[in-house]
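Taking it in order: structure first as structure tokens, then the write-up.
Note that the structure is a prediction, hence the values are computed from the model and not measured.
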Amino acid sequence: MLPPGPYNPQEEEPKILKFWLDNNFYKPEYNPEKDKVVSFEEMLKDPRPTFCIINPPPNAYGRPHLGNVSGYAYQDLLLRYHRMKGYLVYGQPGKDHAGIQGEIVVLREYFRPKGITKANITREQFYKETYEYFMRVKEQAKQDEQRIGLSSDFDRDVFTLDPDIVDIVLDTFIKLYKDGYVYKGVRIVNWCPSCKTALADIDTEPKERETDFVYIKYPLLRQDQRVWRLSIYNRDVLNAILQGKKTIETRALNPEEPERFFGDIKQGDIVVFVDKSKEGHRAAYPFVAKRVAIYKSLKELYEQEDVAKINSRGKKVSYEEFEAGYASLADGYLEKIKKNGMVAIELESYKPGKDFITVATTRPETMLGDTAVVVNPNDKRYKELIGRKVLLPLVWREIPIISDPIVDKTLGTGALKLTPAHAYEDYQIMLNWNQEHPDEQVDYVNVIDKDAKMTGPVGKYYGLNTQEAREEVVEDLKKLGLIEKIEQKEQRVYVCERCKTVIEPQMSSQWFIKVDELKKPATEVVEKDIIKIHPRNMKKVYLDWMKVMRDWPISRSLWWGYRFPVWYKGKVEEKIDEEGKVTMYIDGKPVRDFKEAEKLGLAKVSKKSPGKGWIQSDYVFDTWFSSGQWPFATLMKFGLFEKFYPTDVMETAYDILKWWVSRMVMLGIYRTGKIPFKHVYFRGLIKGKDGQKMSKSKGNIVLPAEVIDKYGADVLRLFYIVGNKAGAAYQITEDKLEGNKRFLNKMWNASRFVLMNINDVLEDLPKIDPNKLKLTTDDKKMISEVNSIVEKTKKYIEDFKFGIIAVELRDHFWHVFCDWYLEAVKPRLRSDDSEDKLAAQYTLYYALKQYLKIFHPYIPFITERIWQEFPKGKGEHRSLMYTRI
RNA sequence: GGGCAGGUAGCUCAGCCGGUUAGAGCACUCGCUUGACAUGCGAGAGGUCACAGGUUCGAGUCCUGUCCUGCCCACCA
């Protein structure tokens with residue numbers, strides 16, 4: 001008999017939980033027919049249809065809050081419902097190592113109090129201690145999951161860094177690499193010049209500061225004006241020009257060598273001499289072609305008065321000497337010139353003209369690495385200029401004017417200098433532009449090195465730190481008359497969270513997954529509803545994301561995670577070359593890319609060390625790379641893959657649709673050839689009591705344990721589910737919890753009333769044939785009412801609308817069963833007409849039983865507790881969990 | 001700036017393949033300490049369904065526009 005008084009979940013729930021766990025009801029090996037755990041092999045042969053949910057692994061580094069846990073209510077509802085429907089059910093629990101966030105938390109909350117930082121601990125020691133730390137916290141999280149009633153198989157609780165999971169995940173990487181879906185490419189990263197490491201966005205923090213806002217005039221090139229860049233191999237020639245010699249005969253004139261062919265050069269074009277010598281770092285000297293003449297022979301050229309007839313010491317030379325100079329050149333130059341003739345150009349110093357486009361910047365020194373000027377395509381002032389070229393001062397490169405809608409017309413001059421190597425936004429613009437304009441690609445030039453000093457093709461600024469370079473650049477621009485004005489501006493910069501040094505974004509070589517091919521099937525399965533997404537509008541979000549998804553960078557400069565199965569024969573370094581491009585050096589030897597290094601035997605992809613002297617890559621994988629493989633990796637680990645994959649439902653929060661769901665679909669199909677799940681259900685976001693999204697920083701966190709301690713797990717589960725629909729946000733209030741508590745109390749008391757009043761015939765009831773009873777109109781109505789609400793609820797649950805129907809179900813129990821039928825039946829229970837009384841008793845028994853079953857997936861504890869008081873009929877299990885619905 | 005939700009009773013939200021008097025819980029008012037439950041029962045009040053147009057015999061529901069709110073993405077050179 002149920003104890004009297006209000007329902008006491010604190011008393012009842014732990015007992016029920018123990019009952020479930022002790023009997024191994026959560027395990028797929030538990031067989032309800034035999035009422036015992038069967039062998040693994042026998043379970044695999046079980047003919048029942050399967051139902052499997054992989055629980056999205058929460059971060060293992062801390063207690064999950066109410067929002068984090070809400071999913072379990074939905075997952076468990078589905079698990080329990082299908083168990084009762086007769087499926088072989090498997091719930092896979094797990095925990096995530098949470099890469100970046102995990103590392104930050106463990107550093108802050110575990111290592112820092114002990115005075116340990118990454119500077120005074122080895123990588124191996126860090127990993128070992130962090131792993132142990134996570135294992136401890138993981139146990140606590142598991143208890144929360146069990147308390148809420150999640151009926152997953154906790155004996156198979158896994159961690160993303162379990163060695164056998166790691167093995168499966170790394171195999172996927174190796175397969176991707178072999179299939180050509182993985183490459184090493186260059187990408188912008190947050191670089192801390194002090195810590196000498198790349199940082200994730202989350203490791204940086206914003207800081208406001210006052211700074212100069214410099215307006216720089218970039219000279220516009222006329223539309224017919226071209227820029228010729230000539231390499232200077234001979235400094236003396238350069239010196240001669242700089243000393244005022246007007247005409248330069250250049251040997252870079254041969255029509256047979258197109259890259260050096262200057263037959264097209266015309267008056268007014270810009271000629272820039274580039275010093276390729278090492279110490280000059282590509283200093284550039286600009287001139288204007290004043291006169292261009294074509295000569296049939298060397299002799300004809302020599303006879304021109306203004307030709308620089310000088311030797312290497314600047315001394316006048318005879319024709320013979322002049323010709324001898326050419327004869328000494330390689331490649332039969334002289335012969336070619338004699339045959340084809342040549343072009344000579346008369347030069348004058350370059351002076352900026354009157355046409356400019358003005359850009360504004362807080363970082364003038366980065367202009368040395370500019371590769372474009374960007375304007376808004378709708379900006380009337382600049383519309384005509386899109387596609388034109390400007391001459392980038394100081395380094396005298398020709399760069400295009402491009403457009404991007406991101407550019408704010410009202411900021412600065414409305415024209416933005418593009419430095420893709422040193423500004424995130426610029427990098428994005430470059431990617432966008434290149435994607436849409438494959439024929440007019442914009443590149444990057446990296447001009448700041450890992451010590452925040454100028455590098456690359458920056459001429460005399462080479463080696464200066466950014467501050468010095470900034471001052472000098474502004475000074476030089478002033479001399480050229482190219483500074484329009486300088487204003488003061490509030491600027492936000494990002495600093496390293498640890499050392500507060502200003503972040504220098506720069507290019508760095510990273511691993512990428514090529515997604516073009518992989519996303520095709522991942523798009524198709526959702527398009528064709530082979531994977532169904534609930535709510536439906538999220539399908540569009542998914543498909544939109546797939547369209548714009550670019551190659552996925554998967555390497556992270558962290559310690560906490562899967563280390564890349566990549567080995568180098570010696571130390572790996574990255575340097576910036578003279579072109580401003582990132583170059584990799586292995587053991588001091590430059591290599592173009594990883595493929596080349598592999599060919600040269602300097603690099604290898606392998607899970608184990610190839611041998612002595614090989615050093616493993618420092619990179620670890622992006623967390624989503626491993627969690628993207630979670631559905632099949634977990635099942636493979638336990639040998640359950642064949643039995644349960646594809647899984648049935650993936651229930652998760654909608655904010656990780658792009659990050660997680662898309663990756664699981666992509667990698668799942670890639671690795672297994674099958675979709676990872678048939679349905680995706682997005683739960684609503686839990687808002688705190690203040691109506692804001694629940695988050696630690698807002699201080700509106702509620703822990704599930706607090707609610708369970710006070711109200712019990714069933715109350716919390718009702719809060720999560722009742723009246724809520726997929727993808728919507730909803731708020732927690734004390735009122736809602738209180739209301740749910742009252743409902744449970746109602747169910748408790750109604751059940752006790754029923755049990756009290758059927759006690760005398762309790763054991764007979766399951767055997768009664770209702771057709772032989774004298775059922776009244778009320779009885780029949782009650783039976784039909786409860787049957788119809790049960791059927792309706794089942795239909796709704798299968799349609800993923802369990803929240804909506806729960807309201808109706810609750811009201812049905814309360815108002816139809818309690819308020820109407822229970823009241824109506826009271827006189828009959830006291831009557832002497834035993835036949836009529838029995839009909840009423842049977843109806844009470846039957847209706848309540850139906851309610852208990854249909855409520856069990858929602859509120860498992862209280863329903864299971866009441867069920868224990870019921871005699872079990874044919875086909876009814878000692879646990880409500882396995883009683884057929 | 002782009003995308004996606006949403007604005008319905010005092011509060012939190014349902015209702016939206018168009019169709020009688022628009023619903024629930026909590027709060028509120030009034031009346032009920034009868035034996036499952038006062039964590040209860042009965043009765044009641046409360047809404048120009050954000051605004052403006054349009055389609056229609058008929059619009060909270062469909063279309064267009066406007067104004068707010070929230071979320072995601074991007075951004076503040």
Can you check nucleotides 72-77 of chain B for protein contacts, nitrogen or oxygen pairs under 3.5 Å, and list what you find?
unit_1: B:C72; atom_1: OP1; unit_2: A:K693; atom_2: NZ; d: 3.2
unit_1: B:C72; atom_1: O2'; unit_2: A:K658; atom_2: NZ; d: 3.4
unit_1: B:C76; atom_1: OP1; unit_2: A:E425; atom_2: OE1; d: 3.0
unit_1: B:C76; atom_1: OP1; unit_2: A:E425; atom_2: OE2; d: 2.3
unit_1: B:C76; atom_1: N4; unit_2: A:R492; atom_2: NH1; d: 3.1
unit_1: B:A77; atom_1: OP2; unit_2: A:K489; atom_2: NZ; d: 2.8
unit_1: B:A77; atom_1: O3'; unit_2: A:T361; atom_2: OG1; d: 3.4
unit_1: B:A77; atom_1: O3'; unit_2: A:T362; atom_2: N; d: 2.6
unit_1: B:A77; atom_1: O3'; unit_2: A:T362; atom_2: OG1; d: 3.4
unit_1: B:A77; atom_1: N6; unit_2: A:D408; atom_2: O; d: 2.6
unit_1: B:A77; atom_1: N6; unit_2: A:L411; atom_2: O; d: 3.4

Taken to the nearest whole Å, OH/A:Y821 to C1'/B:A36 is 16 Å
Rounded to whole Å, CD1 of A:I805 lies from P of B:G15 at a distance of 12 Å
Fill in: Check ion pair A:D544-A:K539 (N to O, under 4.0 angstrom)
no
Salt bridge (Lys or Arg N to Asp or Glu O under 4.0 Å) pairs touching residues 804-814 of chain A, sequence neighbours excluded, are A:K792-A:E808
Sequence neighbours excluded, the answer for ring pair (Phe, Tyr, Trp, His ring centres under 6.0 Å) partners of A:Y858 is none
For nucleotides B:U21 and B:C63, find the distance between their C1' atoms and express it as a whole number of Å. 28 Å
note: A:L755, atom CG; B:C37, atom C1'; distance rounded to Å ~ 14 Å
- request: Using the C1' atom on both, measure B:A45 against B:U55 and round to a whole Å.
  value: 37 Å
Separation of B:C13 atom P from A:L718 atom CG, nearest Å, is 17 Å
Which of A:D779, A:D778, A:N757 passes side-chain hydrogen bond (donor to acceptor under 3.5 Å, both in side chains) with A:R828? Answer is A:D779
*Whole-angstrom distance between B:A36 and B:G19, as gauged at atom C1'*: 43 Å
Pairing string of RNA chain B (Watson-Crick or G-U wobble, both atom distances under 3.5 Å; | = paired to other strand) is ((((((((.[[[[.)...(...]]]].(((((.......))))).....[[[[[..)....]]]]])))))))....
Rounded to whole Å, the CD1-P distance (A:I866 to B:C37) equals 15 Å
From CG of A:N749 across to P of B:G35 the rounded distance in Å is 13 Å
Check whether any side-chain N or O of A:K826 sits under 4.0 Å from OP1 or OP2 of B:A36, and answer yes or no.
yes
*Salt bridge between A:E734 and A:K736, side-chain N to carboxylate O under 4.0 Å?*
no
Rounded to whole Å, CG of A:D819 lies from P of B:A36 at a distance of 14 Å
Residues passing the side-chain contact (heavy atoms from CB on, under 4.5 Å) test with A:E823, sequence neighbours excluded, are A:K826
Self-check item: Distance, P atom - from B:G42 to B:A5, rounded to whole angstrom
Solution: 40 Å
Report task. Please state the C1' separation for the pair B:A9 and B:G65 - nearest whole angstrom. Result -> 28 Å
Worksheet item: Does the gap between the ring centers of A:Y542 and A:W545 come in under 6.0 Å?
Response: no
- Query: Distance under 6.0 Å and angle within 45° of the ring axis: does A:K801 meet both against A:Y796?
  - Reply: yes
Using a 4.0 Å heavy-atom cut-off, does A:K547 contact any base of the nucleic acid, only the sugar-phosphate backbone, or nothing at all?
nothing
Check your understanding: Tell me, do A:D551 and A:I513 make a side-chain contact under 4.5 Å, heavy atoms counted?
Key -> no
Nearest-nucleotide check on RNA chain B, A:L822 vs A:V541; residue mapping nearer the 5' end is A:V541
Whether the A:K853 and A:T863 side chains hold a donor-acceptor pair (N or O, under 3.5 Å, no angle test) is what I'd like checked. no
Check: Is the distance between the ring centroids of A:W552 and A:W659 less than 6.0 Å?
Finding: no
Q) Quick one: do A:R865 and A:E12 make a salt bridge, cutoff under 4.0 Å? A) yes
When you compare B:G53 with B:G1, how far apart are their C1' atoms, in angstrom units rounded to a whole number? 28 Å
request  = Please work out if A:A423 contacts a base, only the sugar-phosphate, or nothing of the nucleic acid, heavy-atom cut-off 4.0 Å.
outcome  = nothing
Problem set entry | Separation between the P atoms of B:G40 and B:G25, rounded to whole Å | 11 Å
Contact string for nucleotides 22-34 of chain B, one letter per nucleotide 5' to 3', B = base within protein heavy-atom range under 4.0 Å, S = sugar-phosphate only, - = neither, reads --SSS--------
*asked:* Please confirm whether the ring centroid of A:Y720 lies under 6.0 Å from the ring centroid of A:Y74.
replied: no
At under 4.0 Å, does any side-chain N or O of A:K540 touch on OP1 or OP2 of B:A5? no
